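What follows is one structure encoded as structure tokens, with my remarks underneath.
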Protein chains: 2
Amino acid sequence: MNEKPLDYAASNGLIHRRHFLGLAAAGFTAVTSRDLLAADPANLTLPGWSRSPGPGPSEYGSPSRFAGDFKRLAPAASALQPGAGSSRSPLHLLQGTITPNSLHFERHHSGVPDIDPAGHQLVINGLVRQPLTFSYENLLKYPMTSRIRFIECSGNSGGQAGDRAVDGSAASLHGLVSCAEWTGIPLSFLLEEAGPLNTAAWISAVGADAASMGRSIPLNKALDDVILALYQNGEPLRPEQGYPMRLLVPGWEGNLNVKWVTQIKLTAAAAQFRDETSKYTDTLENRQSLQFTFPMGPKSVITSPSGQMRLPYAGLYQVTGIAWSGHGTIRKVEVSADGGRSWADAILDEPQLDRALVRFRLPWQWQGGEAILMSRATDSRGNLQPARRTWLDSMGSINRYHFNGIQSWSVTADGSVRNAFV
Amino acid sequence: MNEKPLDYAASNGLIHRRHFLGLAAAGFTAVTSRDLLAADPANLTLPGWSRSPGPGPSEYGSPSRFAGDFKRLAPAASALQPGAGSSRSPLHLLQGTITPNSLHFERHHSGVPDIDPAGHQLVINGLVRQPLTFSYENLLKYPMTSRIRFIECSGNSGGQAGDRAVDGSAASLHGLVSCAEWTGIPLSFLLEEAGPLNTAAWISAVGADAASMGRSIPLNKALDDVILALYQNGEPLRPEQGYPMRLLVPGWEGNLNVKWVTQIKLTAAAAQFRDETSKYTDTLENRQSLQFTFPMGPKSVITSPSGQMRLPYAGLYQVTGIAWSGHGTIRKVEVSADGGRSWADAILDEPQLDRALVRFRLPWQWQGGEAILMSRATDSRGNLQPARRTWLDSMGSINRYHFNGIQSWSVTADGSVRNAFV
């Protein structure tokens, strides 16, 4: 064994990322050696599943029955608002950056419509030279493009703007963000076919759900990089993600990514839909509200160790989490184990894509004492994820949208990990 | 409408890729205008799914009941070899580059074991200083990394090395390739913990399936970039992909990516397992066999239009497909519509990752006459996907493994698309 010492990159046990590939030699064995057994083949007994053939190939696979904890956090049904609510991706369990389709977070305003694409249509009208109606079959003929992009509800992490650090997991506190490869038609294709009039400055996008959920999007953005998405990670959109079609509005708040979209109307002004007046606005300390604050700021969350976990031993751990920004790529993620007094650069795993989740990792030697783990992201425009207090100072204590303050996890001497405000 | 003329990049209707974002203005409307209706809001009737709330969020989502054709091509069960066989990803339907977990191709030699991870162990033994046994729980503590990588069965497309162009789809002919984000432990961590002796040159990896499927991998590769994968697109491996653990051997033939791996034995020489002697070898014209021909060559397949489809109208189409190489990234994909006499560069969609699927696209004006569509990939090492005949000349007509010759799709005047040998 190579016994070279570890280089520490920040206080309280954060190890320099250059050790990522050298830790096995440098001491990572400490994590597991007490559980390791010298393998004696004579002691190996074949388990039942190795003794007789299993079932053959199938048409559509399912998770193992032993992986039952990989579920979205879904609330009980609401009697007052049937179908409304959200489910959260199990961020504390997921790995990598792609969210599998069955676990992408949900936010519905009147439940999931069971749409037969043969009976669904997309209308483009309003301030256009030629109003158009498209069938699903029709749209499948159009040129498409693919993008791996995150979608984050602007209400994600909103509880962290409150005055009490609620006990919760990375999933329950931050699980309204997911990432997938979306494929569809650049919306500019369809808008140009209809021919926007010079007076058009916004689009109103409305879904076919019972809430007729609608949002206004500036026409410039719609012509820039918005996609009418038909596919999610290769297969058709899931019903809860807008089957048969939704908008993908890269980097902007999730609610704009209108699901089950059935009408796009070009207008001179924003429509002032319910969900851009009573909701999804940022009410400041002075009771004025910021409206149309679209891009999601740079953000990161350590997903392990994270809230409600318990560190089972003193020794080496891999701190890992996700980072993203609605403004571009992630340039850097830093990790602190001492509540923000010292910071170490994390490794950014591949891929590192524009407005997509990025996975970061850093080795950490937990000595068994108290620690406060934090992460902060810097994006390609140089925007730095703010401290929670800094966010509150600028965005007020009333607002619960667009929270991107730094998440702190406190670790106690017994290894318990808890949401903390510092 | 902008009426600027189209630039053609190759004969028989292939349009220069610079038009990708300009076709709506330049004439793509030809595809759909006859099906378009001027939208009259008075004629809009609300479908049933817009009139009452649907179900709320759920723990684990499923596809729409209207998307039933997105299934793997799975054969009937084999009575002679229970559980053995393969299923193919529906390449002709999928979009983008990520294969959803439920649709990743399968190849089993004795079916899918139903493994309880609590009863599974990984042994590392043989020419090591310290034999080790790892439990699943133990391995979850190790540092991990993520990679988006394709896996391709080396028997994929083997029928194209035969003497008759079998009528088939892109899926039935080439569907033994898929791509996912795999997360796990760099195998080098675990091997270094066991401590390879100087005499060790290979590893023997054996699965816990009833076939005890085993393969030999050079130790250098195992120490370089092989991952003990525990996760696939964020969630635990699916049972048919090796739950709870498999090898990911980037760029090399699929069979090496041993599923349900339970033993890794370090040896001085290859083990000569059944699946590296009687199978997965390249038998040449002179009856000699090449063994251990590991990397998968540069390859591409047009997935639309493709075999068994029918072009419904003369006009503009988007030709699209996937490309990959076991040697690195894809530098270029060219498309021909005249059987290889002229070629046009396709657009490579993002992401473009090392040893991962890449999606290519190119506009094509089908005039209603005969055409032969082909694609050929060039990888970052300058390797060019060979013509089918060139592949046969070097690899022989007996061998059915590692076929990466150019796929030709013939289009007849009635729009029928068929597998063709040219």
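Since the model is a prediction, treat every value here as computed from it, not as a measurement. Note on naming: letters A, B, ... go to the chains in the order of the sequence lines (proteins, then strands), and numbering restarts at 1 for each one.
Heavy atoms closer than 4.5 Å to chain B are found in the side chain of A:Arg65, but not in its backbone. Both the backbone and the side chain of A:Glu59 come within contact range of chain B, each with at least one heavy atom under 4.5 Å from a heavy atom of that chain. For a residue to count as touching a neighbouring chain, one of its non-hydrogen atoms must lie under 4.5 Å from one of that chain's; by this rule A:Tyr231 touches chain B with the side chain only. For a residue to count as touching a neighbouring chain, one of its non-hydrogen atoms must lie under 4.5 Å from one of that chain's; by this rule A:Arg51 touches chain B with the backbone only. The parts of B:Glu350 that come within reach of chain A are both its backbone and its side chain, each placing non-hydrogen atoms under 4.5 angstrom from that chain. Residue contact with chain B, scored on non-hydrogen atoms closer than 4.5 Å, involves the side chain of A:Leu353 exclusively. Within the 4.5 angstrom heavy-atom criterion, atoms from both the backbone and the side chain of A:Glu235 approach chain B. In this structure, the portion of A:Ser86 lying under 4.5 Å from any heavy atom of chain B is its backbone and not its side chain. When heavy atoms are compared at a cutoff of 4.5 Å, A:Ala67 approaches chain B by way of both its backbone and its side chain. Within the 4.5 angstrom heavy-atom criterion, atoms from both the backbone and the side chain of A:Ser58 approach chain B. The contact between A:Thr97 and chain B is made by backbone and side chain atoms together, counting heavy-atom distances below 4.5 Å. Of the two parts of B:Leu103, only the side chain, counted from C-beta on, holds a non-hydrogen atom closer than 4.5 Å to a non-hydrogen atom of chain A.
Distance alone, capped at 3.5 Å, is enough to place a donor-acceptor pair between the B:Glu181 side chain and the A:Ile98 backbone. Judged by distance alone, with hydrogens and angles left aside, the side-chain atoms of A:Ser50 form a donor-acceptor pair with the main-chain N or O of B:Ala208 at under 3.5 Å. B:Gln95 places no side-chain N or O within donor-acceptor distance of the main-chain N or O of A:Ser146, the cut-off being under 3.5 Å. B:Arg361 places a side-chain N or O within 3.5 Å of a backbone atom of A:Met144 that can act as its donor or acceptor partner.
Heavy-atom pairs under 4.5 Å with chain B peak, among A:Leu237, A:Thr262, A:Asp209, at A:Asp209. Chosen from A:Leu94, A:Leu230, A:Leu93, A:Leu73, the residue pairing most often with chain B at heavy-atom distances under 4.5 Å is A:Leu94. The candidate from A:Pro100, A:Pro47, A:Ala74 with the greatest count of non-hydrogen atom pairs under 4.5 Å with chain B is A:Pro100.
Across all non-hydrogen atoms, the minimal contact from B:Ala210 to A:Pro53 is CB-N, 3.7 Å. Scanning all heavy atoms of the two residues, the minimum distance from B:Gly234 to A:Phe70 falls at O-CE2, 4.1 Å. Across every non-hydrogen atom of B:Pro351 and A:Ile148, the tightest pair is CG-CD1, 3.8 Å. A pairwise comparison of heavy atoms in A:Asp349 and B:Arg147 identifies OD1-NH1, 2.8 Å as the closest pair. The heavy-atom pair separating B:Gly85 from A:Pro57 by the smallest distance is C-CG, 3.7 Å.
If you take OG on A:Ser64 and CG on B:Asp116, they are separated by 8.0 Å, rounding to the nearest 0.5 Å. Atoms CH2 and CH2, on B:Trp49 and A:Trp260 in that order, are 13.0 Å from each other to the nearest 0.5 Å.
B:His120 pairs by the ring pair (Phe, Tyr, Trp, His ring centres under 6.0 Å) definition with nothing, not counting sequence neighbours. Checked against side chain to side chain donor-acceptor pair (under 3.5 Å), B:Ser102 has the following partners two or more places apart in sequence or in another chain: B:Arg238.
Residues A:Pro244 and B:Phe66 have side chains not in contact (no heavy-atom distance under 4.5 Å, counting atoms from C-beta outward).
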